[in-house]
Amino acid sequence: QVQLVESGGGSVQAGGSLRLSCAASGRDFTRYAVGWFRLAPGKEREFVASISWSSGNTHYGDSVKGRFTISRDNAKNTVYLQMESLKPEDTAVYHCAAAPYLSVRADRYGNWGQGTQVTVSS
């Protein structure tokens, strides 16, 4: 069983940057793909980015392509989401989750973390 804990959220002005971390505990984390999703008030959960267990493959949501970068350090059991050029519409609670295979679908993921709030002001 893998447990995930997100951190690194905060408040930033538009154009700023943040780096989110998703720290894993438990066995076999390195065998899982990891995805980041976000949930904003009044909106549906949105796929942000995902990375395969080997870091060989990544996917990004259209709204974050070119601004966000997902990476992982399996030696540290951690996945990162580097967010650049943040916009007010990036404001949301960001969650990470694990899946046996790389996917952009939230229903393929489990072991959801509690989330970390990102607030971008204009």
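Side chains of Asn57 and His59 form no contact here, defined as non-hydrogen atoms less than 4.5 Å apart. Using a 4.5 Å cut-off on side-chain heavy atoms (C-beta onward), Thr69 and Tyr80 make no contact. Two residues are said to be in side-chain contact when any heavy atoms from C-beta on lie closer than 4.5 Å; Val34 and Trp53 fail this criterion. Contact check for Tyr60 versus Val48: no side-chain heavy atoms found under the 4.5 Å cut-off. For the pair Gln3/Asn111, no side-chain contact is recorded, criterion being any heavy-atom separation below 4.5 Å from C-beta on. Looking at heavy atoms from C-beta onward, Lys87 lies in side-chain contact with Arg67 at the 4.5 angstrom threshold. Using a 4.5 Å cut-off on side-chain heavy atoms (C-beta onward), Val79 and Leu20 make no contact.
With Thr91 contributing its side chain and Val120 its backbone, the two residues share a donor-acceptor pair below 3.5 Å. Without hydrogens or angle criteria, Glu6 side chain to Gln114 main chain gives a donor-acceptor distance under 3.5 Å.
Few gaps surround CD on Gln117; more than 12 heavy atoms of other groups in view lie less than 6.0 Å from it.
Cluster annotation: Tyr94 and Val12 are assigned to the same hydrophobic cluster (Ile/Leu/Val/Met/Phe/Trp/Tyr, side-chain heavy-atom contacts under 4.5 Å, transitive). The same ILVMFWY cluster, assembled from side-chain heavy atoms under 4.5 Å apart, contains both Trp36 and Val2.
Between Pro88 and Ser121, the shortest heavy-atom distance links the atoms CG-C, 4.5 Å. Residue Ala98 comes nearest to Leu4 through the heavy atom pair N-CD1, 3.7 Å, listed as atom of the first residue, atom of the second, then distance. The two residues Gly8 and Leu18 have their closest heavy-atom pair at O-CD2, 3.9 Å. Residues Asp90 and Ser85 come closest through the heavy atom pair OD2-O, 4.4 Å. When every heavy atom of Ser122 is checked against every heavy atom of Ala14, the shortest pair comes out as CA-CB, 4.3 Å. Across all non-hydrogen atoms, the minimal contact from Leu102 to Ser50 is CD1-OG, 3.3 Å.
No hydrogens or angles considered: nothing links the side chains of Thr116 and Arg38 as a donor-acceptor pair under 3.5 Å.
A distance of 9.0 Å separates CZ in Arg72 from SG in Cys22, rounded to the nearest 0.5 Å.
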> Would Ser71 and Gln82 count as a side chain to side chain contact (heavy atoms under 4.5 Å, CB included) if you check the C-alpha gap in whole Å, the side-chain angles of each, and the deciding distance to 0.1 Å?
Replying inline: CA-CA 8 Å; Ser71 62; Gln82 180 68 42; over 6 Å; no

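Pairs passing the salt bridge (Lys or Arg N to Asp or Glu O under 4.0 Å) check and including a residue from residues 106-122, sequence neighbours excluded, read Arg105-Asp107. Within the structure, side-chain hydrogen bond (donor to acceptor under 3.5 Å, both in side chains) pairs that include any residue of residues 14-23 comprise Ser17-Glu84 (at least two apart or interchain).
Phe37 forms part of a hydrophobic cluster together with Phe47, Val104, Tyr109, Trp112, judged by ILVMFWY side-chain heavy-atom separations under 4.5 Å.
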